[in-house]
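Below is one structure, written out as structure tokens; comments come after it.
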Amino acid sequence: SIARHWAKLPPEEINAIRRVIKRVAKLPQGMTKKNRARLRAVDDERLEALVRLPGRIHDEIVSEARSARAKQRSPERMGRQSAARKLSAARAVARRLQTAVAMEILMMTPMRLKNLKDIQIGVQLLTDRHGVKTLVLAEEEVKNGMPLEIVLPESSARLIAFYVSSHRPALATPGSIWLFPGRGGGAPKTAQGLRDQIKLCIAARCGLRFNPHLFRHLAAKIILDAHPGAYGLVQRVLGHKSIKTVMDLYTGPET
């Protein structure tokens with residue numbers, strides 16, 4: 001992989017490396033034992049909690065805002081509250097909703113973390129005049145060169161619209177088009193930063209050790225549990241180039 005994608009060696013050298021690999025190494029196939037164990041922990045109850053988590057976070061934030069307005073302090077005391085403290089509180093709430101949006105997208109279209117963190121509004125995330133949101137990944141943006149175009153469900157579109165209009169401004173600099181702005185607001189979050197947000201939230205709220213890439217394995221598990229042998233469907237959902245990749249990864253658990 002390093003020779004092909006990073007060093008970009010010519011085909012004859014890639015083939016020489018392949019011949020060496022066949023003689024000296026057995027390439028791993030399928031999911032790791034750790035990932036299989038983590039997927040086994042996702043029983044029906046925890047799966048439902050995970051699927052509902054983005055919506056629950058949204059509802060909690062809306063409820064907290066209503067409660068804060070109802071208990072609003074006097075204008076004099078509000079005026080004495082430092083602007084820095086207000087901004088810090090707003091950013092904390094925005095990051096919670098940011099995590100919810102990231103998880104919602106991963107559940108609706110389990111993309112790779114790099115593609116998730118690099119989503120730009122108006123580039124990869126498109127909205128038509130009816131409010132329908134579509135995620136579009138060009139072939140040069142995807143690891144295996146397979147372009148993706150996914151129309152998001154209405155509920156997902158509403159969650160994203162609420163985040164973008166009401167809370168994302170607390171995290172982004174003016175003019176930024178990153179859906180998930182990082183520290184400073186002018187660039188996207190780092191992969192590690194977004195990964196940690198998602199992992200910590202799921203651990204605290206669902207009791208699961210779950211990283212963003214496991215959403216891809218979970219999607220395959222759900223499909224194959226319902227339709228054993230439906231490798232072609234898994235291939236389309238996950239955007240794999242070869243059905244052999246899907247079979248190498250997932251043959252076994254669904255039997």
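Looking at Thr245, its side chain never comes within 3.5 Å of a backbone N or O of Lys241 through a donor-acceptor pair. Without hydrogens or angle criteria, Tyr250 side chain to Val234 main chain gives no donor-acceptor distance under 3.5 Å. Remark: side-chain polar atoms of Glu141 are paired, donor with acceptor, to backbone N or O of Ala138 under 3.5 angstrom. Here the side chain of Thr173 pairs no donor or acceptor atom with the backbone of Ser176 at under 3.5 angstrom. Under a 3.5 Å cut-off, the side chain of Lys8 and the backbone N or O of His5 do form a donor-acceptor pair. No side-chain donor-acceptor contact under 3.5 Å links Ser156 to the backbone of Leu152. Put simply, the side chain of Arg216 gets close to the backbone of Leu238: a donor and an acceptor are under 3.5 Å apart.
Contact annotation: the side chain of Val132 approaches that of Val151 to within less than 4.5 Å [non-hydrogen atoms, C-beta and beyond]. Counting heavy atoms from C-beta on, the side chains of Pro181 and Lys189 never come closer than 4.5 Å. Counting heavy atoms from C-beta on, the side chains of Glu104 and Ile160 never come closer than 4.5 Å. Between Asp118 and Phe180 there is no side-chain heavy-atom pair separated by less than 4.5 Å. His240 places a side-chain heavy atom less than 4.5 Å from the side chain of Leu249. Using a 4.5 Å cut-off on side-chain heavy atoms (C-beta onward), Lys221 and His217 make no contact. Side chains of Leu53 and Cys206 form a contact here, defined as non-hydrogen atoms less than 4.5 Å apart. Between Leu113 and His213, every side-chain heavy-atom pair lies at or beyond the 4.5 Å cut-off.
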Under the criterion salt bridge (charged side-chain N to carboxylate O under 4.0 Å, His left out), I'd like the reasoning laid out for Glu64 against Arg96: C-alpha separation, chi angles, the key distance, then a yes or no. CA-CA 13 Å; Glu64 289 165 9; Arg96 283 168 58 198; 3.0 Å; yes
Can you check side chain to side chain contact (heavy atoms under 4.5 Å, CB included) on Val51 and Leu47, steps first, answer last? CA-CA 6 Å; Val51 170; Leu47 177 59; 4.0 Å; yes
Evaluate the side chain to side chain contact (heavy atoms under 4.5 Å, CB included) criterion for residues Val93 and His167: first the C-alpha distance (whole Å), next the side-chain angles of each, then the deciding distance (0.1 Å), finally the verdict. CA-CA 8 Å; Val93 173; His167 291 79; 3.6 Å; yes
Run the side chain to side chain contact (heavy atoms under 4.5 Å, CB included) check on Asn35 and Leu39 step by step: do they pass? CA-CA 6 Å; Asn35 282 340; Leu39 277 184; 5.7 Å; no
Using the side chain to side chain contact (heavy atoms under 4.5 Å, CB included) rule, take Ile198 and Phe215 through it: C-alpha gap first, then chi angles, then the decisive distance, then the call. CA-CA 11 Å; Ile198 293 169; Phe215 280 98; 4.2 Å; yes
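Surrounding CG of Asp128 are more than 12 heavy atoms belonging to other residues, nucleotides or ligands, all under 6.0 Å away. The local environment of CZ in Arg56 is crowded, with over 12 non-hydrogen atoms from other residues, nucleotides or ligands closer than 6.0 Å. With a 6.0 Å radius and a threshold of 12 heavy atoms from other residues, nucleotides or ligands, Arg38 has its CZ atom above the threshold. Within a 6.0 Å sphere centred on CD of Glu45, heavy atoms belonging to other residues, nucleotides or ligands number 12 at most. Surrounding NZ of Lys133 are more than 12 heavy atoms belonging to other residues, nucleotides or ligands, all under 6.0 Å away.
Residues Leu135 and Met111 come closest through the heavy atom pair CD1-CE, 3.8 Å. Looking at every heavy atom in both residues, Leu208 comes nearest to Ala41 through CD2-O, 3.7 Å. Across all non-hydrogen atoms, the minimal contact from Leu171 to Gln98 is CD1-NE2, 3.5 Å. Closest of all the heavy-atom pairs between Pro54 and Met103 is CG-CB, 4.1 Å. Here the closest non-hydrogen pair linking Pro153 and Met108 is CG-SD, 3.5 Å. Across every non-hydrogen atom of Pro188 and Trp178, the tightest pair is CD-CE2, 3.4 Å.
Clustering of Ile, Leu, Val, Met, Phe, Trp and Tyr side chains at separations under 4.5 Å places Ile177 together with Val123. Other residues sharing a hydrophobic cluster with Val136 under the 4.5 Å side-chain heavy-atom criterion for ILVMFWY residues are Leu126.
Using a 4.5 Å cut-off between side-chain heavy atoms of Ile, Leu, Val, Met, Phe, Trp and Tyr, with links allowed through other members, Leu179 and Val142 fall into the same hydrophobic cluster. A chain of hydrophobic side-chain contacts below 4.5 Å, direct or via other Ile, Leu, Val, Met, Phe, Trp or Tyr residues, connects Leu97 to Ile121. Cluster annotation: Ile61 is not connected to Leu200 through the hydrophobic network of ILVMFWY side chains, with a link wherever side-chain heavy atoms come within less than 4.5 Å.
For the atom pair OH (Tyr231) and CD1 (Ile223), the distance works out to 12.5 Å, reported to the nearest 0.5 Å. Taken from CD1 in Ile243 to CZ in Arg236, the straight-line distance is 11.0 Å, to the nearest 0.5 Å. Between atom CD of residue Gln192 and atom CZ of residue Arg195 there is a gap of 5.0 Å, rounded to the nearest 0.5 Å. Taking CD1 from Ile119 and CD from Gln124, the interatomic distance works out to 7.0 Å, rounded to the nearest 0.5 Å. Considering CG of Leu159 and CG of Asp59, their distance stands at 9.5 Å, rounded to 0.5 Å. Here CD of Glu139 is found 11.0 Å from CG of Leu148. Values are rounded to the nearest 0.5 Å.
Checked against salt bridge (charged side-chain N to carboxylate O under 4.0 Å, His left out), Arg205 has the following partners two or more places apart in sequence or in another chain: Glu60. Residues satisfying the salt bridge (charged side-chain N to carboxylate O under 4.0 Å, His left out) criterion with Arg52, sequence neighbours excluded, are Glu48. Scored by the salt bridge (charged side-chain N to carboxylate O under 4.0 Å, His left out) test, Arg46 finds no partners at all (sequence neighbours excluded).
Here ring pair (Phe, Tyr, Trp, His ring centres under 6.0 Å) pairs that include residues 39-67, with residues two or more places apart or in two chains, are His58-Phe162.
No hydrogens or angles considered: nothing links the side chains of Asn115 and Arg112 as a donor-acceptor pair under 3.5 Å.
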